Amino acid sequence: KQEVTQIPAALSVPEGENLVLNCSFTDSAIYNLQWFRQDPGKGLTSLLLIQSSQREQTSGRLNASLDKSSGRSTLYIAASQPGDSATYLCAVKVGQAGTALIFGKGTTLSVSS
Amino acid sequence: DTGVSQDPRHKITKRGQNVTFRCDPISEHNRLYWYRQTLGQGPEFLTYFQNEAQLEKSRLLSDRFSAERPKGSFSTLEIQRTEQGDSAMYLCASSPGGPGYTFGSGTRLTVV
């Protein structure tokens, strides 16, 4: 059974710091991996999607990497800002068809000014 | 296109009552998903539709839960005889069949 773990559960940093969020999954046979952002009481916003054949994806200050063989992904946030404060969720898709995403519990990030 | 819409945003109900939530996906998306998220947890899959066909249901979807997607457009999720353990955020997502998902803002259910 696929399980997704995110470490740390919470993280507090001062504005301007670079930071790394970690995601691990138990079964390397994934179709893709996606990072989402969730603001309190809101839905999910997709940040980056990495196909199983890819090693990394970048969008602005965000960079996500994927090491499928070791079952790990990282989300790197450069020059953090208070507006980055949110919960970041990692999710894996295990099949090509309509199979569901399996989520971790998330990392709650707080960036202080 | 305004994205995935969910209604209502919040619902407070008494234990034992029935509730129904609605999801309007992005119009050209043929796949629709329901997830449930409790406090401090990641979303958990409930069910999935491709067009009007319900193709997969999680074990979390007890017989008190039913979902429909008539004509492959909007979807409804009904919970009968609500229990306090049903209190959660119910999230809907749609997909065009490719790798990406678009989530709605969710319906927060509180059972008192």
Side-chain angles (χ1 to χ4, degrees), chain A residues 1-10 21-26 30-54 57 59 64 66 73 75 86-108, chain B residues 2-7 9-10 21 23-26 29-51 53-61 69 72 88-110:
Chain A
K1 177 189 172 187
Q2 178 74 265
E3 292 183 359
V4 179
T5 303
Q6 292 188 245
I7 294 173
L21 307 181
N22 297 291
C23 171
S24 61
F25 45 96
T26 54
I30 64 169
Y31 181 64
N32 63 44
L33 182 144
Q34 203 161 356
W35 283 92
F36 293 88
R37 168 184 173 139
Q38 186 174 34
D39 292 291
K42 300 292 179 62
L44 280 65
T45 301
S46 179
L47 297 174
L48 290 164
L49 183 147
I50 311 177
Q51 300 284 18
S52 61
S53 58
Q54 297 175 321
Q57 283 287 337
S59 175
L66 174 64
S73 175
L75 179 66
T87 296
Y88 291 81
L89 292 155
C90 166
V92 298
K93 190 163 187 269
V94 298
Q96 183 174 357
T99 52
L101 296 176
I102 301 171
F103 284 85
K105 293 183 180 181
T107 294
T108 299
Chain B
T2 56
V4 178
S5 298
Q6 291 190 247
D7 185 70
R9 293 294 307 277
H10 304 276
F21 311 140
C23 171
D24 286 272
I26 293 173
H29 287 186
N30 62 350
R31 293 179 176 169
L32 187 148
Y33 304 80
W34 285 98
Y35 287 80
R36 181 174 72 184
Q37 185 179 25
T38 53
L39 201 61
Q41 304 294 315
E44 295 175 292
F45 169 74
L46 292 178
T47 191
Y48 150 63
F49 290 85
Q50 182 164 319
N51 300 311
Q54 188 173 19
L55 297 185
E56 191 175 346
K57 290 194 291 186
S58 161
R59 289 172 298 150
L60 294 175
L61 212 67
R69 192 183 182 196
M89 174 79 86
Y90 290 84
L91 293 162
C92 176
S94 70
S95 165
Y101 285 66
T102 302
F103 278 83
S105 297
T107 293
R108 179 166 296 284
L109 173 67
T110 302

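Proteins come first, then strands; the chains are lettered A, B, ... in the order of their sequence lines, and each starts at number 1. Here the structure is a predicted model, which is why all the values come from computation and not from measurement.
Contact of Ile102(A) with chain B is not made at all, since no heavy-atom distance falls under 4.5 Å. For a residue to count as touching a neighbouring chain, one of its non-hydrogen atoms must lie under 4.5 Å from one of that chain's; by this rule Leu91(B) touches chain A with the side chain only.
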I'd like a table of donor-acceptor pairs (distance under 3.5 Å, sequence neighbours excluded) in which one partner is a side-chain atom from residues 38-45 of chain A, with atom names and distances.
{"unit_1": "Gln38(A)", "atom_1": "OE1", "unit_2": "Gln37(B)", "atom_2": "NE2", "d": "3.0"}
{"unit_1": "Gln38(A)", "atom_1": "NE2", "unit_2": "Lys42(A)", "atom_2": "O", "d": "2.8"}
{"unit_1": "Gln38(A)", "atom_1": "NE2", "unit_2": "Gln37(B)", "atom_2": "OE1", "d": "2.8"}
{"unit_1": "Asp39(A)", "atom_1": "OD1", "unit_2": "Arg37(A)", "atom_2": "NE", "d": "3.4"}
{"unit_1": "Asp39(A)", "atom_1": "OD1", "unit_2": "Arg37(A)", "atom_2": "NH2", "d": "3.0"}
{"unit_1": "Asp39(A)", "atom_1": "OD2", "unit_2": "Arg37(A)", "atom_2": "NE", "d": "3.4"}

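With sequence neighbours left out, the side-chain contact (heavy atoms from CB on, under 4.5 Å) criterion links Thr5(A) to Ile7(A), Ser24(A).
Between chain A and the options Ala93(B), Pro43(B), Gly42(B), Ser58(B), heavy-atom pairs under 4.5 Å are most frequent for Pro43(B).
Closest of all the heavy-atom pairs between Tyr101(B) and Lys93(A) is OH-CE, 3.4 Å. Across all their heavy atoms, Leu101(A) and Tyr35(B) have their closest contact at N-OH, 2.9 Å.
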